[in-house]
Undergrad: 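Structure provided below as structure tokens; questions to follow.
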Amino acid sequence: MKVIFLGPPGVGKGTVATRVKDKLGIIQISTGDILREEVKKESDLGKKAKEYMDEGQLVPDEIVIKIIKRRVQKEDAREGFILDGFPRTIPQAEALEGEIEIDKVINFEAPEEVIIKRLSGRRVCSECGAIYHIKNIPPKKEGVCDKCGGELIQRDDDKPEAIKERLEVYKEQTEPLIDFYKKRNLLVTVDADQELNKIIEDTLKVLKSIE
Ligand code: AMP
């Protein structure tokens, strides 16, 4: 099963992907996570990507396309995957089309005010990347990851200025993908303005219909 999770930053794509992947026996491929790993390692790629990420801008297409092409070839991707945060532009979607066949694209929808609240309250584990929210998904102990005990931090790009920029970038560059996949009859919409468990349930319903 090869699926794409589409939607604005903060809508919950990553959170839902982490909760459904094991139930389906597939992996989650997040370009954001891969890029953040490179930034942490201070690799050449990471240094270049950081300039864009801190500003809330997209990393150039040729870089992320190369990352994805390499990642989907790996052994652990054989049973299938959820692409979380890729593609984000039409050229990325076109490059993907030439490479692999996608079964479904789930478009997660929620009003902008909900998204802004989710982004500004999001906290992530600095060690394992687990996602929390100060109100909606709080950790058992404030500031500490339930899974690994790592410190919870706010991403630089979850701060107000970067949030504004990222939402604009989404509207300009990523939203056109909704039509792109509608035309290919691959798009299914999931209402992401619901309780997390209900979003997960609706997502699983769509994904199980593929098998
Ligand atoms: P995310 O964790 O998906 O919100 O991604 C964090 C940041 O990584 C984005 O704001 C972009 O700067 C960069 N990024 C992630 N995925 C992509 C992509 N498909 N194309 C370009 N930039 C990306």
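Read the numbers this way: they start at 1 and go in the same order the structure lists the ligands and their atoms. Throughout, numbering of the chain's residues begins at 1 and tracks the sequence. Keep in mind it's a predicted model, so treat the numbers as computed, not measured.
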Undergrad: Taking atom CG of Asp76 as the centre, report whether more than 12 heavy atoms of other residues, nucleotides or ligands fall under 6.0 Å from it.
TA: yes
Undergrad: Give the residue and atom name of whichever protein heavy atom lies nearest to atom 8 (O) of ligand 1, and the separation in Å to one decimal.
TA: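 Among all protein heavy atoms, the one nearest atom 8 (O) of ligand 1 is Met53 CE, 3.6 Å.
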Undergrad: State whether the number of non-hydrogen atoms from other residues, nucleotides or ligands found under 6.0 Å of Lys74 atom NZ is greater than 12.
TA: no
Undergrad: Quick one: look up the protein heavy atom nearest atom 1 (P) of ligand 1 and list residue, atom name and how far away it is.
TA: Arg88 NH2, 3.5 Å
Undergrad: Testing Gln92, Arg88, Gln173 for side chain to side chain donor-acceptor pair (under 3.5 Å) with Asp61, which one passes?
TA: Gln92
Undergrad: Geometry only, no angles: is Gly56 polar-contacting ligand 1 at N/O separations under 3.5 Å?
TA: no
Undergrad: Give yes or no for whether the N/O distance cutoff of 3.5 Å, strictly under, is met between Asp33 and ligand 1.
TA: no
Undergrad: Should you measure from each heavy atom of Gln92, which atoms of ligand 1 turn up under 4.0 Å away?
TA: 18 (C), 19 (N), 20 (N), 21 (C)
Undergrad: So, regarding Ser30 and ligand 1 (criterion: nitrogen or oxygen to nitrogen or oxygen, under 3.5 Å), is there a contact or not?
TA: no
Undergrad: Is it the side chain (CB and beyond), the backbone, both or neither of Leu35 that lies under 4.0 Å from ligand 1, heavy atoms counted?
TA: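 The side chain, only.
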Undergrad: Would you say ligand 1 has an N or O under 3.5 Å from any N or O of Gln57?
TA: yes
Undergrad: Examine the proximity of ligand 1 to Val64 and report which part, side chain or backbone, both or neither, has a heavy atom under 4.0 Å away.
TA: side chain
Undergrad: For Lys159, is the NZ atom crowded, meaning more than 12 foreign heavy atoms sit under 6.0 Å from it?
TA: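 Yes, NZ of Lys159 has more than 12 neighbouring heavy atoms, counting only those of other groups under 6.0 Å.
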Undergrad: Hey, is Lys13 touching ligand 1 through its side chain, its backbone, both or neither, going by heavy atoms under 4.0 Å?
TA: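 None of Lys13 does.
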Undergrad: Check contact between Arg155 and ligand 1, using heavy atoms of the residue and a distance below 4.0 angstrom.
TA: yes
Undergrad: Is it true that the NZ or CZ of Arg184 lies under 6.0 Å from the centre of Phe180's six-membered ring and within 45 degrees of the ring axis?
TA: yes
Undergrad: Using a strict 4.0 Å cut-off to heavy atoms of Thr31, name the atoms of ligand 1 that fall inside it.
TA: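 Numbered from 1, ligand 1 contributes 15 (C), 16 (N), 17 (C), 19 (N).
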Undergrad: Please confirm whether Arg122 comes within less than 3.5 Å of ligand 1 when only nitrogen or oxygen atoms on both sides are compared.
TA: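 Among all N and O atoms of Arg122, none is under 3.5 Å from an N or O of ligand 1.
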Undergrad: Heavy-atom contacts under 4.0 Å between Arg36 and ligand 1: side chain, backbone, both, or neither?
TA: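 Side chain only.
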Undergrad: Identify the two heavy atoms, one from Arg118 and one from His133, that lie closest to each other, and give their separation to 0.1 Å.
TA: O-CD2, 3.3 Å
Undergrad: Within the 4.5 Å heavy-atom criterion, are Val16 and Leu196 side-chain neighbours or not?
TA: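 With C-beta onward as the side chain, the pair touches.
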Undergrad: Which residue holds the protein heavy atom closest to atom 21 (C) of ligand 1, what is that atom called, and what is the gap in Å?
TA: Val59 O, 3.2 Å
Undergrad: Using the ring pair (Phe, Tyr, Trp, His ring centres under 6.0 Å) rule, collect all pairs that involve residues 94-114, keeping only residues at least two apart or in two chains.
TA: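 Non-adjacent pairs meeting ring pair (Phe, Tyr, Trp, His ring centres under 6.0 Å): Phe5-Phe108.
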Undergrad: Judging by distance only, is a nitrogen or oxygen of Asp84 under 3.5 angstrom from one on ligand 1?
TA: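 Asp84 vs ligand 1: no N/O contact under 3.5 Å.
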Undergrad: If only atom types and distance count, is the side chain of Arg166 paired as donor or acceptor with the main-chain N or O of Asp157 below 3.5 Å?
TA: yes
Undergrad: Are Lys21 and Ile82 close enough that some pair of their side-chain heavy atoms sits under 4.5 Å apart?
TA: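 SC-SC contact between Lys21 and Ile82 confirmed.
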